[in-house]
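Structure first, then comments.
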Amino acid sequence: MEEYNFKKIEKKWQKFWEKEKIFKTLDNKKKPKFYVLDMFPYPSGSGLHVGHLKGYTATDIIARMKMMQGFNVLHPMGWDAFGLPAENFAIKNKIHPELAVKQNIKRYKEELKLIGPTYDWDREINTTDPNYYIWTQWIFLQLFKAGLVEESFEPINWCPYCKTGLANEDLEEGRCERCGSKVEKKPLRQWKIKITKYADRLLEDLEMLDWEEPIIKMQKDWIGKSEGVEFQMKIFLDNKETNKKIKVFTTRIDTILGMTYVVLAPEHEILEKLKNEIRNFDQIKKYQKEVLSKSDVERTKEKTGIKVEGILAENPLTKGKIPVFVSEYVLKDYGTGAIMAVPAHDKRDFEFAQKFNLPIKKVILSENSNEEYFEGEGILINSGEFTGLETKVAREKIVKVLEEMGIAKKTYYYKIKDWVFARQRYWGEPFPLLFCENCKKRILEKKYKEGEFNKGELLNPGWICVAEKNLPVKLPKVKYYEPTGTGEGPLANIKNWVITRCPKCGGIAFRETNTMPQWAGSCWYYLRYADPKNKKELISKEKEKYWLPVDLYVGGAEHATRHLIYARFWHKFLYDLGIVSTKEPFLKLRHVGLILGPDSRKMSKRYGNIITPEEICEKYGADALRLYEMFMGPFSQEIAWQEKGVIGMKRFLERIWKIKNKIKKLKEKKEEKNILSILHKTIKKVTEDIENFKFNTAISQIMIFFNELEKGEVIDKGIFELFLQLLSPFAPHLCEELWHILGNKESIFKSKWPQFNESFIKEEKEKFLLLIQINGKLRDRVLIDSDLEEKEIQNIVLQREKVKNWISNKKIKKIIFIKNKLINIVF
RNA sequence: GCCGGGGUGGCGGAAUAGGCAGACGCGCAAGGCUUAGGACCUUGUAGGUUUUUCCUGUGUGGGUUCAAAUCCCACCCCCGGCACCA
């Protein structure tokens, strides 16, 4: 008999699918749509490994099932090719990024095609294509015009190796996420996008998403909303009241009576205002410099600080005067940059108080009295009129008192910072902005016509938008693109590109030489797939309405606090512009767990444990690879690669191949009830499990069904076809081959997905297996007629030899009976 | 440190509105086939035991229940996220 030649079969059907354009997505609005999306890869130089294919296989399975269920499926693929990884690869290998990206894409595409995916390559996109990034620039311009982009010179994270500024999101434990270098703080001219303006909506709308709870939690924590109270404290010069005040923010206003000192961030502006009054101002200045030179990680190591000599702050409730400190543990850019310190009920304040020998006053009764500090809820003590109140109640009462004094309000702060959007690198989208000295002057001197400048231009005097008709601002082709390290991008060296004319005044203007960060292109790519060839707009209204939002989005959890926040932000902005009609881009999100190397470590060149799809497809075939990756275990879980597992799948496919000559077209359909029952159970389980990302148990059920089929002398053709359909999303090539061998002319993926019939599953059983427990332990089991009464069943059970032996002559206390299942005799 | 997720045979993992622990696959063992090996087929496979028997078993220790991998309390370990956010 002919062997299972997987190579021949797989090549044959991949060609067939491509030629027949089976997976071509038409904008067929008569059918219901299903948009399933993979997070698109950045094509790095090292190619794909088997881990990358796990998510892609899963979406492919779902795409195939949805097609068969009658959906119009959009399942596209593209390349996120701008950014540091691509550029660093290019520099290292001395090859121009444009060329490197081209080569890498070619390789990625070949490797992806190995598993026979359903991608419609006519919709392929590439973020570095001017026809694509014209719209990235266009969206940026809209953000700019809306006043959501601002030039800033503040110190930001700077990677000395990559020679660029980075956003908070791009750090891992104080190191550059890309190269691992320690990040420094460096003052730098940069563009910030005001994502904080959308913080509340980014938080609220998480409610409407079908995302896994841990990912939602990560986003919530990253946005980090804290609700509390902001109140003013008077400042005294020794014992003389001044007109200066310090604002502090706290989430625990109930502990205000326990405040024993106040701490300011070293950079707090009030220090400058009081420099003549503060006796040790020079010392504080010096401390401030020290702290600013430290990285965020170094700042957390110990609690240093200095007392601000000469001034005191007044607790508004007690009128008590307390000392003021500066310390690095208070951050300037969170809350008001000043805190009320309550060492008895806050760990950090406690540590600081210990070090500086400051009084610790308990104001909440804690159950465990030898605790050094107590951060929980409880009953107030030592709190005057508030003593005896519960903390929760006390918070409300105290706020009210302070509000009546006119010095406090309830408020909240976010942890999320505005998005540092500029990179001092070559390989990214150029900003569609120009700088014009003349216009800057006119704006500052208010010598311009009403409406001449937009909101963004007025906000950033001198920066002028490139006219939309002149987009895209193409990234110039250059020979030298290494980062400069000066804080300017490499583009600054290309004089004839930089120097241009100002569209407003006609004078000389200079182009912005920074480029956009890697994340820019991925913020909106899912929109482009729905309308990839549109030259007039980024997406037509009609196509947006039909295809959006994305029904299912699959990718790694590492994007939880970056891409997934940025993309949601841009989507909401586009919603405000009326370009998209949904508040959220991705309805359902599932994250894929890593495949680890055979040594249980992350697959990496460093460990030499990379398994490539080429070698596996060569040895065992794409279907075996797909099947194994889905069978390994729960989809979102990290699991180590075991080559033996693929062999097992190959073996399973071979058994299916071999069973061909047992298949007969049975005229009389007198299938055993048993087979029909398993068949329908399998249809149900496979359909539901695919929907719920439980691919491992779906495959297990398919195997159970197959094991049963294999036992028979003959297999009914109709039943075997149903079996093939159920398996086809997982092992498309083999199933397509067998489907045709059985005489079908059309692709199996044009066939209709099997339906199950509940009545076959439930099937009225005449008998059931009763479990017999004695004192809760399983001791016996017996087949019982389903229509017997409880009493009759009891009699049967008690007559059984085994049961009699166990009970002998003990007195039965009670008998628990669960219908159709179990009986438990207790004595 | 705080917040998530998780700990089940030799291995990957099944089973949670509490009700046969170990489905399915890998590995291993015995037998068949074969000159032989591989492949393939059949059977067995949690550990122990006095082996048609009973005992013990889902990270550890307690608890609730007729009955717990599943619920409650305390603790240990692994993975991920955050990193002084007031």
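Values reported hereafter were calculated over all heavy atoms of this structure, with side chains retained and with hydrogens, waters and symmetry mates removed. These numbers come from a predicted model, not from an experiment. Below, chains carry the letters A, B, ... as their sequence lines are ordered, and counting in each starts from 1.
- B:U53 adopts an anti glycosidic conformation, its chi angle falling more than 90° from 0.
- In this structure, A:E710 does not pair ionically with A:K658, as no charged nitrogen and carboxylate oxygen lie closer than 4.0 Å.
- Within the nucleic acid shown, A:K415 comes within 4.0 Å of at least one base atom, counting heavy atoms only.
- Across all their heavy atoms, A:G258 and A:V342 have their closest contact at O-CG1, 3.7 Å.
- Remark: A:P214, A:K217, A:M218, A:W222 in residues 212-225 of chain A come within less than 4.0 Å of RNA chain B through at least one heavy atom.
- The distance from atom CD of A:E801 to atom P of B:U53 is 14 Å, rounded to the nearest whole Å.
- Cation-pi geometry between A:K54 and A:F635 is met: the NZ or CZ atom falls under 6.0 Å from the ring centre, inside 45° of the normal.
- Taking the P atom of each, B:G10 and B:G57 are spaced 16 Å apart, rounded to whole Å.
- In this structure, A:L594 atom CG and B:G80 atom P are separated by 9 Å, rounded to whole Å.
- Counting non-hydrogen atoms under 4.0 angstrom, A:T300 reaches a base of the nucleic acid.
- Residue contacts for A:W806: at a heavy-atom cut-off of 4.0 Å it reaches the sugar-phosphate backbone alone, with no base atom in range.
- Side-chain atoms of A:T682 and A:Q701 form a donor-acceptor pair, as typed in the model, at a separation below 3.5 Å.
- The aromatic rings of A:F249 and A:Y413 sit perpendicular to each other, their planes meeting at more than 60°, with 30° as the lower class boundary.
- On the P atoms, B:U35 is 36 Å away from B:A23, given to the nearest whole Å.
- Between B:G31 and B:A68, the two P atoms lie 42 Å apart (nearest whole Å).
- Using a 4.0 Å heavy-atom cutoff across all strands shown, A:E643 reaches no nucleic acid atom at all.
- Between the side chains of A:T697 and A:D689, at least one donor-acceptor pair of N or O atoms lies under 3.5 Å.
- Taking 4.5 Å as the limit, every side-chain heavy atom of A:V248 sits out of range of all side-chain heavy atoms of A:T250.
- The separation between A:E375 atom CD and B:G1 atom C1' is 10 Å, rounded to whole Å.
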Next on the checklist: For A:K415 and A:N168: C-alpha separation, side-chain torsions, deciding distance, then whether side-chain contact (heavy atoms from CB on, under 4.5 Å) applies.
Outcome noted: CA-CA 11 Å; A:K415 261 203 296 205; A:N168 272 1; over 6 Å; no
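- A:R779 has a side-chain polar atom (N or O) that falls below the 4.0 Å cut-off from OP1 or OP2 of B:C55.
- In this entry the distance linking CG of A:L596 with C1' of B:G6 reads 14 Å, nearest Å.
- The interatomic distance linking A:R395 (CZ) with B:A86 (P) rounds to 12 Å, in whole Å.
- B:U16 sits 15 Å from B:A67 when the C1' atoms are compared, rounded to a whole Å.
- A glycosidic torsion no more than 90° from 0 defines the syn conformation, and B:G9 adopts it.
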Checklist entry - Could you write nucleotides 11-29 of chain B as a row of B, S and -, 5' to 3', where a protein heavy atom under 4.0 Å of any base atom gives B, of only sugar-phosphate atoms gives S, and otherwise -? => result SBSS----BB--BBSSS--
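- In RNA chain B, runs of at least 3 consecutive Watson-Crick or G-U pairs, each pair with both distances below 3.5 Å, span B:1-7 with B:76-82, B:10-12 with B:24-26, B:27-32 with B:40-45, B:46-48 with B:54-56, B:59-63 with B:71-75.
- Note on A:V297: nothing from the nucleic acid sits closer than 4.0 angstrom, heavy atoms only.
- Using a 4.5 Å cut-off on side-chain heavy atoms (C-beta onward), A:E629 and A:F695 make no contact.
- If you take atom C1' in B:G1 and the same atom in B:G27, they sit 43 Å apart, rounded to whole Å.
- Side-chain contact check for A:N692 and A:R590: no donor-acceptor pair (N or O, by modelled atom type) lies under 3.5 Å.
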Checklist entry - Does the pair A:F350 and A:I360 meet the rule for a side-chain contact (heavy atoms from CB on, under 4.5 Å), with working shown? => result CA-CA 8 Å; A:F350 176 80; A:I360 296 168; 3.7 Å; yes
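- Going from atom NZ of A:K711 over to atom P of B:C41 covers 15 Å, rounded to whole Å.
- The shortest distance between side-chain heavy atoms of A:F356 and A:S327 does not fall below 4.5 Å.
- Remark: A:K660 is positioned above the aromatic ring of A:W657, its terminal NZ or CZ atom under 6.0 angstrom from the ring centre and at most 45 degrees off the axis.
- The cationic group of A:K303 lies under 6.0 Å from the six-membered ring centre of A:Y329 and within 45° of the ring axis, placing it in a cation-pi geometry.
- Atoms CD (A:E558) and P (B:C79) sit 18 Å apart, rounded to a whole Å.
- Distance check on atom P: B:U50 versus B:G61 gives 26 Å, rounded to whole Å.
- Taking atom P in both B:G6 and B:A15, one finds a spacing of 13 Å when rounded to whole Å.
- The CD-C1' distance, from A:E351 to B:A86, rounds to 14 Å in whole Å.
- Taking the P atom of each, B:C28 and B:G7 are spaced 27 Å apart, rounded to whole Å.
- Both A:T251 and A:L171 lie near RNA chain B, and the one whose nearest nucleotide falls closer to the 5' end is A:L171.
- Note on A:K777: only backbone sugar-phosphate atoms sit closer than 4.0 angstrom, heavy atoms only; bases stay farther off.
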